[in-house]
Each structure stands twice: as C-alpha cells, then as structure tokens.
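To keep things clear, I will list the structure first and then write my remarks on it.
All values below come from the heavy atoms of this structure, side chains included, with hydrogens, waters and symmetry mates left out. Letters A, B, ... are given to chains in the order of the sequence lines, protein chains preceding strands, and every chain is numbered from 1. Just so you know, these numbers come straight off a predicted model, no measurement behind them.
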There are 4 protein chains.
Amino acid sequence: MVISIHLDSDTPLYEQLRNQIVIGIATGELAAEEKLPTVRQLAEDLGINTMTVNKAYSILKQEGYIVIDRRHGAKVSPRSTQTQDGSNHTAQLEEQLQLIIAQATIKGIDQSRFQALCSTIFAQMKYQH
Amino acid sequence: MVISIHLDSDTPLYEQLRNQIVIGIATGELAAEEKLPTVRQLAEDLGINTMTVNKAYSILKQEGYIVIDRRHGAKVSPRSTQTQDGSNHTAQLEEQLQLIIAQATIKGIDQSRFQALCSTIFAQMKYQH
Amino acid sequence: MVISIHLDSDTPLYEQLRNQIVIGIATGELAAEEKLPTVRQLAEDLGINTMTVNKAYSILKQEGYIVIDRRHGAKVSPRSTQTQDGSNHTAQLEEQLQLIIAQATIKGIDQSRFQALCSTIFAQMKYQH
Amino acid sequence: MVISIHLDSDTPLYEQLRNQIVIGIATGELAAEEKLPTVRQLAEDLGINTMTVNKAYSILKQEGYIVIDRRHGAKVSPRSTQTQDGSNHTAQLEEQLQLIIAQATIKGIDQSRFQALCSTIFAQMKYQH
DNA sequence: GTGGTCTAGACCACG
DNA sequence: GTGGTCTAGACCACT
C-alpha cells in the first residue's frame with residue numbers, strides 16, 4: 001500500500017498516517033488480519049521519525065482499527081471486532097457531515113451532486129464485515 | 001444566532017467559531033448581507049479574547065464567506081459571490097468525504113443509512129443562491 | 001500535591017504519574033476543576049522529560065479524568081462529567097479484583113481482613129459526585 | 001485446567017500465564033501438590049514459545065506458588081509453604097487496591113457495590129490452608 | 001527483530 | 001506561557 005506524507009500540511013504527520021491507514025482498511029487495500037509495515041520500516045520509507053509512526057499505530061490500536069501482536073508486530077483487526085461502536089460515533093459523524101454539507105451548499109454543490117459523489121466513494125470501499 | 005464554544009475541545013476556538021458561522025450561513029440563520037456582531041462584542045459575549053474572534057473573521061473573509069467593511073463591520077457575503085467553486089474545493093471535499101465514509105464503513109454504517117443521514121442534514125440547509 | 005516517581009520501577013514513568021494523579025483526584029487532594037501543574041513545571045520538579053509528562057496528561061485526558069483548556073492548561077474534570085462509564089469498566093474491575101483476591105487468598109489473607117482493608121482505603125476517598 | 005492466551009493483549013504472555021495459574025490455584029482448579037503440564041507441553045498447547053512458558057514458571061517458582069523438581073517437573077506448592085505473607089505483600093496489595101478503589105470511586109461505584117463484588121469473587125476461592 | 005519507553009532539545013499553534 | 005508535534009538516537013521488554 002502506498003502512503004504519502006505531506007510535511008507542509010497543517011494536519012500532523014501521525015494523523016495523516018492514521019487517516020491513510022484507515023482509508024486503506026476501508027478500501028480493502030489492507031485486508032483484515034494483514035500485517036502492517038514495522039514501525040522502523042515505515043518510518044524509514046517515509047523519512048520520518050519512528051516515534052511519529054509509533055504514535056499513529058498507538059492511536060489506530062486504541063481506536064480498534066489494528067491490533068498489536070507482540071510476536072509479529074501490528075496487523076489489521078479481524079473483521080468481527082471492528083464493528084463495536086457506541087452511539088457516539090453516529091453523533092460525531094453527523095457533526096462532521098453537517099459542516100461539510102454546509103460548505104458544499106454555499107459553494108453551490110447541490111444535493112444530487114453531493115449524493116453522486118458519495119456513491120462514487122462508497123463504490124471504492126471493499127471492506128467486508 | 002446562538003454560538004457556543006467549548007473551551008476544552010480539541011478544535012481551536014477560532015475554528016469552532018468559523019465552523020459555526022459557516023453552518024449558520026448555510027442553514028439560513030445568518031441571511032446573505034446580514035451584519036455580524038463586532039469583534040469586540042462577540043468576544044465579550046463568549047468570554048474569549050478579541051484576537052481569537054479576529055482570526056475567525058479573517059479566515060471567513062479570506063474564504064469568501066464574509067466581507068469586511070472597515071466602516072460598517074463584517075457582513076455575510078452576498079449570494080452571488082459565494083458560488084465560486086473552483087476545482088480545489090471539490091478535491092478537498094472529496095478528500096474529507098473519503099475519510100468520513102471510510103470510517104463509517106468500518107463502523108458498520110451502510111450506504112443507505114449514510115445517504116439518509118445526508119438527506120436529513122440537507123433538509124436543514126436553507127441557503128438560496 | 002506530592003508526586004513521587006520511582007525511576008527503577010517496572011511500571012513506566014508516565015503510568016506512575018497517571019496513577020498518582022488518579023488517586024489524587026479520588027482522595028480529594030486534587031479538587032474538581034483544580035488546575036494541574038504545567039507540563040514543563042511538573043517535568044522539571046520530577047527531573048524527567050516533558051514528553052513523559054505530556055503522555056501522562058494525554059492519557060488522563062483520553063480517559064476523561066482531566067480536561068485541557070487551551071487557555072490555562074490542564075485541570076481536573078468537573079465532577080458531572082466523570083461518571084460516564086460503560087459496562088466495560090465493571091468487567092475490567094472484576095478481572096483485576098479476581099487476581100488480587102486470588103493472591104491475597106493464597107497468601108493467607110482472609111475475607112474479613114481484606115474487606116477491612118478495603119474499608120480503610122475507601123475512608124480516604126473524598127471524591128464527591 | 002483451561003488456559004486462554006490473548007496474543008494481542010497489553011499484558012505480556014508470560015504474565016497472563018502466571019496470572020491464570022495463580023487464579024487456578026486460588027480457585028482450587030489446581031489442587032495443592034498437583035502436577036503442572038511440562039513447559040514443552042503447555043507451550044505446544046497454547047501455540048507459543050517454550051521460553052515464554054519457562055519464564056512464567058520461573059516467576060511462579062520465585063514467588064513461591066509452585067516448586068520445580070528437575071525430575072518430576074513443576075507442581076503446585078504444598079499448602080503449608082504458601083502462607084508466608086511478609087509485610088511486603090500486604091503493602092503491595094494495599095497499593096494495588098488503592099488504585100483500583102480510586103478508579104472505581106471516580107467511576108461512580110460505591111463501597112457497598114464494591115464490597116458485594118468482592119464477596120462474589122471470594123466465594124469462588126476454594127483454596128484451603 | 002518487534003514495539004514500548006525515555007531523553008534532550010527544538011519549533012509551532014493557540015490565546 | 002500553554003500544550004502539541006517532531007527529531008535523532010538510545011535502551012529495554014518481549015518473543
């Protein structure tokens with residue numbers, strides 16, 4: 001899986017990393033149970049510090065997206081364990097969506113175009129529960 | 001319009017402010033050409049620093065959501081000027097949506113539920129071009 | 001509040017820190033809404049690195065024990081917000097207790113002595129909901 | 001006795017092993033003087049490295065829970081030798097309890113519920129001195 | 001060889 | 001002046 005980092009972005013490196021891995025899982029680029037690169041390896045590949053990668057992995061672990069097997073490093077969580085979600089998530093999703101839709105509306109993107117865009121993106125998601 | 005600030009949120013105060021005003025414009029709570037409170041007034045109402053409000057206004061201006069007249073203060077941009085979409089915006093929107101949809105997918109929210117949620121939110125938007 | 005760190009302990013420094021602050025909150029040594037020392041200050045007092053203190057604070061924040069106010073630093077969460085607990089916690093508590101009680105039993109501490117010990121400790125807890 | 005290992009847990013494998021055996025002894029699942037599986041056997045059953053099991057056994061031996069006879073393998077210590085309490089143990093127990101009770105208090109578990117929980121767990125302990 | 005922890009010191013965003 | 005981020009490099013625990 002290809003991961004690209006923007007050093008000049010306003011989002012922290014570890015968050016960019018976290019986001020791309022989440023997307024990778026959802027699109028199926030990273031299969032369930034698939035092994036992730038080691039902290040050191042990924043850090044070297046991206047030319048960043050190991051602690052930065054470490055932080056990204058810690059967050060992903062804490063969020064339940066990956067598990068750390070002490071013997072073989074990090075891997076994507078098995079499908080069954082991913083769906084444990086509180087109602088918090090929906091509320092948070094709603095809040096994020098409201099802002100995005102507000103901006104889209106003002107910029108002249110109407111609902112049908114927006115929904116079409118969503119469909120396109122959903123079509124990329126190969127994640128199987 | 002009611003603006004509420006969470007001092008202990010992860011998102012910076014000025015960004016919370018900016019977001020709520022954008023949403024206010026999109027929902028029609030803030031009409032086109034409507035005058036916004038003065039920087040000093042709003043800062044006092046919310047109990048925060050004037051520089052913070054100032055920063056929010058500057059960003060909104062730079063993004064084209066509001067116009068600032070040195071004599072009359074800030075007001076919401078007229079409808080006509082808002083629609084300057086630009087492919088930048090669409091690309092950025094797509095990126096944000098991709099992340100949100102990825103997370104939703106993994107958490108078990110399927111496309112129909114997601115689209116339904118979007119519809120609900122779109123129904124709140126009263127912004128007229 | 002007095003915090004003491006054991007550099008030679010097997011529990012990580014940030015966790016020792018986290019534990020002592022949790023106990024401080026429960027015993028009332030740290031009142032609700034009370035301001036915690038700054039990261040730098042505490043690091044200097046204890047002779048450890050700022051990032052270590054930072055990590056402890058991050059965890060406490062993520063666990064809901066403290067909140068970070070961008071203007072004035074970290075403070076103990078208000079009483080009302082602390083009690084939001086899932087059933088997870090009880091299960092986890094049960095597991096921890098089982099191990100402790102197993103060890104106590106084998107070492108010859110009977111139930112009455114154990115319960116008495118609990119009572120003594122509970123008497124130190126001044127935390128008010 | 002059934003031992004289950006979580007490869008993705010935060011607690012080291014050898015410690016999980018050690019804990020479960022201690023609990024097994026306290027609940028009576030493992031009788032005094034009962035023979036434990038050989039290191040090799042247990043490692044194979046659990047699909048882990050023999051060194052890991054070895055480490056767990058070493059710790060249990062050093063803590064006095066089991067005795068290791070080079071000819072006959074490991075077995076649970078006879079009842080009489082277990083009760084060597086020592087004030088160390090009580091102090092350590094007190095420290096562990098303090099943290100647990102602090103967390104429980106903040107999470108809104110009151111003393112009566114806590115004590116009830118302890119009673120339930122004590123009822124499972126069949127260890128006879 | 002893996003991730004986890006810690007350090008010393010730097011720079012940035014926020015208010 | 002606050003916490004947040006990042007680095008380079010070191011050592012440790014676990015398997």
Side-chain angles (χ1 to χ4, degrees), chain A residues 5 7-17 35-44 46-58 61 66-75, chain B residues 5 7-17 43 46-56, chain C residues 5 7-17 35-44 46-58 61 66-75, chain D residues 5 7-17 43 46-56:
Chain A
I5 289 297
L7 293 169
D8 55 342
S9 166
D10 48 347
T11 49
L13 299 184
Y14 72 86
E15 199 174 332
Q16 295 183 43
L17 215 48
K35 195 175 173 312
L36 294 174
T38 69
V39 169
R40 287 184 242 270
Q41 184 66 55
L42 190 48
E44 192 182 348
L46 299 173
I48 61 178
N49 192 279
T50 56
M51 283 201 61
T52 308
V53 179
N54 200 333
K55 183 161 186 176
Y57 277 20
S58 296
K61 174 190 166 193
I66 67 174
V67 291
I68 310 285
D69 181 326
R70 308 186 94 101
R71 300 172 305 173
H72 312 110
K75 64 185 186 32
Chain B
I5 291 295
L7 295 169
D8 54 347
S9 164
D10 284 326
T11 46
L13 300 188
Y14 75 86
E15 198 174 333
Q16 294 183 46
L17 215 48
L46 298 173
I48 62 179
N49 198 303
T50 56
M51 294 193 37
T52 308
V53 180
N54 213 330
K55 183 161 185 177
Chain C
I5 290 297
L7 294 169
D8 56 343
S9 166
D10 48 347
T11 48
L13 299 184
Y14 73 85
E15 197 173 334
Q16 294 182 43
L17 216 47
K35 194 175 174 313
L36 295 174
T38 69
V39 170
R40 288 185 240 271
Q41 184 65 55
L42 191 48
E44 192 182 350
L46 298 173
I48 61 177
N49 193 279
T50 56
M51 283 201 61
T52 308
V53 179
N54 201 334
K55 183 161 185 177
Y57 277 20
S58 296
K61 174 191 167 193
I66 68 174
V67 290
I68 310 285
D69 181 327
R70 308 185 94 101
R71 299 173 307 174
H72 312 108
K75 64 183 184 35
Chain D
I5 291 296
L7 295 170
D8 54 347
S9 166
D10 283 328
T11 47
L13 301 187
Y14 75 86
E15 199 174 333
Q16 293 183 46
L17 215 49
L46 298 173
I48 62 179
N49 198 302
T50 55
M51 295 194 37
T52 307
V53 179
N54 212 330
K55 183 161 184 176

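Of all heavy-atom pairs between C/Arg70 and B/Pro12, the closest is NH1-N, 3.6 Å. Closest non-hydrogen pair, A/Tyr57 versus A/Pro37, comes out as OH-O, 2.7 Å. When all heavy atoms of A/Lys35 and A/Lys75 are compared, the closest pair comes out as CA-CB, 4.0 Å.
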List the steps and the verdict of side-chain contact (heavy atoms from CB on, under 4.5 Å) for C/Lys61 and B/Asp10.
CA-CA 11 Å; C/Lys61 174 191 167 193; B/Asp10 284 326; 2.6 Å; yes
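A side chain to side chain contact (heavy atoms under 4.5 Å, CB included) with A/Thr52 is found for one member of A/Leu46, A/Leu42, A/Leu13 and no other, namely A/Leu13.
Judged by atom type and distance alone, A/Arg40 does not reach the base of E/dG1 through any side-chain donor-acceptor pair under 3.5 Å.
Listed nucleotides: F/dG3, E/dC14, E/dG4. Nearest to the side chain of C/Ile68: F/dG3. Nearest to the side chain of C/Met51, among F/dT5, F/dG3, E/dG4, sits F/dT5. Closest to the side chain of A/Thr52, out of F/dT15, F/dC6, E/dG15, is F/dC6. Of the listed nucleotides (E/dC6, F/dA8, F/dT2), F/dA8 has the atom at the smallest distance from the side chain of A/Asn49. The side chain of D/Pro12 lies closest to F/dT15, out of F/dT15, F/dT5, E/dG3.
The nearest whole Å value for the distance from the CG atom in A/Leu42 to the P atom in E/dT2 is 12 Å. If you measure from atom CG of A/Asp10 to atom C1' of E/dC11, you get 16 Å, rounded to the nearest angstrom. Rounded to a whole Å, the CG atom of C/Asp8 is 16 Å from the C1' atom of F/dC11. Put simply, NZ on C/Lys75 is 15 Å from C1' on F/dT2, counting in whole angstrom units. The distance from atom CG of D/Leu17 to atom C1' of F/dT15 is 13 Å, rounded to the nearest whole Å. Taking atom CD1 on A/Ile48 and atom C1' on F/dG9, their separation rounds to 16 Å, with Å as the unit. The nearest whole Å value for the distance from the CG atom in C/Leu46 to the C1' atom in E/dT7 is 15 Å. Atom CD of C/Glu44 and atom C1' of F/dG3 are 17 Å apart (whole Å).
Within 6.0 Å of atom CD in C/Glu15, more than 12 heavy atoms from other residues, nucleotides or ligands are found, so the atom counts as buried in its surroundings.
Note that CD1 of C/Ile68 is 12.0 Å distant from OG of B/Ser9, once rounded to the nearest 0.5 Å.
C/Asn54 comes within 4.0 angstrom of a base, heavy atoms only. D/Leu13 comes within 4.0 angstrom of the backbone, heavy atoms only, and of no base.
In this model, the phosphate group of F/dC14 is approached by a side-chain N or O of D/Lys55 to a distance below 4.0 Å at OP1 or OP2.
Mapping C/Tyr14 and B/Glu15 onto DNA chain E by nearest heavy atom places C/Tyr14 closer to the 5' end of the strand. Summary of the strand contacts: A/His72 and C/Thr50 both lie near DNA chain E, and taking for each the nucleotide with the nearest heavy atom, the more 5' one is attributed to A/His72. Each of A/Gly47 and C/Asp69 lies near DNA chain F, and the nucleotide nearest C/Asp69 is the one positioned closer to the 5' end.
Residues D/Ile5 and D/Leu7 have side chains in contact (heavy-atom distance under 4.5 Å, counting atoms from C-beta outward).
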Pairing of DNA chain E as dot-bracket, 5' to 3': ( ) intra-strand, [ ] crossing, | other strand, . unpaired, with Watson-Crick or G-U pairs under 3.5 Å?
||||||||||||||.
